[in-house]
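Here the structure comes first, spelled out in structure tokens, and everything after it is commentary.
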Amino acid sequence: MGGQKFGVLLCAEDSEYVKKMYGGYYGVFVEMLKEEGEKWDVFKVAKGEFPSDDEIGEYEGFVITGSCNDAHGNDLWITRLLLLLNKLDSMKKKILGICFGHQILGRAIGGKIGRARAGWDIGITQVNLQPSNIFTSLKIMPTSLSIIECHRDEVWELPPKAEVLAWSNKTGVEMFKYGDHLMGIQGHPEYTTDILLHLIDRLYNRNFIEVSKYF
């Protein structure tokens, strides 16, 4: 994949701590995904910074990050993001959505999303994998994975053409694919425990959660 170009669609505001320690969430994703020779750019879509129609053709694919906003909301930037995702889908661009990105991607392809029926899911969650052709390259197929989660919204329902790849006791759609170019992951494979604890502190200070419920 050398020489290819990818973009991070940043849907969250970087905290000073994450900027200092990891170069922002953009840096976290690049550390996890970048291969030698690739070029990675960032678009701060939550602040209205989007790739132009002329630019998107240059990119092999995009990653949609998490966010403190609701993917089922109708903020202007979220509406613009949905339009962009529909365009990228029609162009068969590769898209990976994480957490909020997973939910907004589900919405973009016609799924239903909203508040998680089981409430917040914060911490390490056991995710069960469904048998799928996407995993055929693995020599040993695990039946489950432990993944960091931090969300209070979820994908309720996906269109028939989408394939659910994983589920957990709290969340029915932990991972899905749509065609050969779109994938959503509810958890945070890019997070470290350090990032999770920092995020919990931010959520607590903003009165989104009561820490005593989880620790």
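Everything numeric here is computed off the predicted structure, so don't read it as measured data.
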Between the CG atom in Leu81 and the OG atom in Ser67, the distance rounded to the nearest 0.5 Å is 9.5 Å
Looking at every non-hydrogen atom in both residues, tell me the closest pair between Asp54 and Glu58 and how far apart they are. O-OE2, 4.2 Å
CZ of Arg152 to SG of Cys68: how many Å apart, nearest 0.5 Å? 9.0 Å
Same apolar cluster (I L V M F W Y, side chains within < 4.5 Å links), Leu83/Ile109: no
Minimum heavy-atom separation for Ala12 to Ala46, with atom names? N-CB, 4.5 Å
From Lys44 atom NZ to Phe50 atom CZ, the distance as rounded to the nearest 0.5 Å: 14.0 Å
Backbone N/O of Thr125 and side chain of Lys170: donor-acceptor pair under 3.5 Å: no
Once rounded to the nearest 0.5 Å, what's the spacing between atom SG of Cys11 and atom CG of Asn69? 8.5 Å
Would you say that more than 12 heavy atoms from the other residues, nucleotides or ligands in this model lie under 6.0 Å from the NZ of Lys177, or not? yes
Does the side chain of Asp41 come within less than 4.5 Å of Val8's, by heavy atoms? no
Under 4.5 Å between any side-chain heavy atoms of Ser144 and Val127, yes or no? no
Are Phe29 and Met32 packed together at the side-chain level, in the sense that at least one heavy-atom pair is separated by less than 4.5 angstrom? yes
Anything under 3.5 Å between a donor and an acceptor, one on a side chain of residues 73-80, the other on a protein residue two or more places apart or in another chain? List them.
unit_1: Asn74; atom_1: OD1; unit_2: Arg107; atom_2: NH2; d: 2.7
unit_1: Thr79; atom_1: OG1; unit_2: Asp75; atom_2: O; d: 3.2
unit_1: Arg80; atom_1: NH1; unit_2: Gly48; atom_2: O; d: 3.4

Look only at the side chain of Ser52 and the backbone of Glu55, and say whether a donor-acceptor pair between them is shorter than 3.5 Å. yes
Note: Glu38 and Lys34 closest approach over all heavy atoms is O-CE, 3.0 Å
Check Gly187 against Pro189 and note the closest heavy-atom contact, atom names and distance. O-CD, 3.3 Å
Taking a hydrophobic cluster as the set of Ile, Leu, Val, Met, Phe, Trp and Tyr residues connected by side-chain heavy atoms closer than 4.5 Å, whether directly or through intermediates, do Leu82 and Val45 fall within one such cluster? yes
Just wondering, do Ile56 and Phe62 contact through their side chains at under 4.5 Å, heavy atoms? yes
Exceeds 12 heavy-atom contacts within 6.0 angstrom, atom CD of Glu31: no
Side-chain polar contacts of residues 179-186 - donor-acceptor pairs under 3.5 angstrom, sequence neighbours left out - could you list them?
unit_1: His181; atom_1: NE2; unit_2: Asp89; atom_2: OD1; d: 2.7
unit_1: Gln186; atom_1: OE1; unit_2: Gln103; atom_2: NE2; d: 3.2

Donor-acceptor contacts, no H, no angles, side chain residues 155-164, under 3.5 Å, sequence neighbours left out:
unit_1: Trp156; atom_1: NE1; unit_2: Arg115; atom_2: O; d: 3.1
unit_1: Glu163; atom_1: OE2; unit_2: Ser132; atom_2: OG; d: 2.8

Donor-acceptor pair, distance only, cut-off 3.5 Å: does the side chain of Asn128 make one with the backbone of Thr143? no
How long is the straight-line distance from OG of Ser168 back to CD of Glu149, given to the nearest 0.5 Å? 6.0 Å
Is any side-chain heavy atom of Val173 less than 4.5 Å from a side-chain heavy atom of Glu154? no
Would Tyr22 and Asp14 satisfy side chain to side chain donor-acceptor pair (under 3.5 Å), going step by step from the backbone distance to the final call? CA-CA 10 Å; Tyr22 301 95; Asp14 287 325; over 6 Å; no
Please name all residues satisfying ring-ring contact (aromatic ring centres under 6.0 Å, His included) with His188, sequence neighbours left out, ordered by chain then number. Tyr191
Side-chain touch Pro51/Leu84, heavy atoms, less than 4.5 angstrom: yes
Could you work out, with ring-ring contact (aromatic ring centres under 6.0 Å, His included) as the rule, every residue matching Phe43, not counting sequence neighbours? Tyr59
With heavy-atom distances below 4.5 Å as the criterion, would you say the side chains of Leu9 and Thr65 are in contact? no
For the side chain of Ser90 and the backbone of Lys87, is there at least one donor-acceptor N/O pair under 3.5 Å apart? yes
Rounded to the nearest 0.5 Å, what's the gap from SG on Cys99 to CD1 on Ile104? Could you check? 12.0 Å
I'd like to know if Ile98 and Tyr25 are part of one continuous hydrophobic network [Ile/Leu/Val/Met/Phe/Trp/Tyr, side-chain heavy atoms within less than 4.5 Å]. yes
Hey, quick one: are Ile195 and Trp120 part of the same hydrophobic cluster, counting side-chain heavy atoms closer than 4.5 Å, chains of contacts allowed? yes
Lys112 atom NZ: more than 12 heavy-atom contacts under 6.0 Å: no
Please work out which of the three classes, parallel, tilted or perpendicular, describes the rings of His102 and Phe176, given edges at 30° and 60°. tilted
Run the numbers on Lys94 and Glu60 for salt bridge (Lys or Arg N to Asp or Glu O under 4.0 Å), then give the verdict. CA-CA 6 Å; Lys94 293 181 174 64; Glu60 180 74 13; 3.1 Å; yes
With Ile124, which residues qualify under side chain to side chain contact (heavy atoms under 4.5 Å, CB included), at least two apart? Ser146, Ile148
So Leu165 and Trp167, do their side chains get closer than 4.5 Å, heavy atoms only? no
Identify whether Phe6 and Leu85 are in the same connected component of the hydrophobic contact network (ILVMFWY, side-chain heavy atoms under 4.5 Å). no
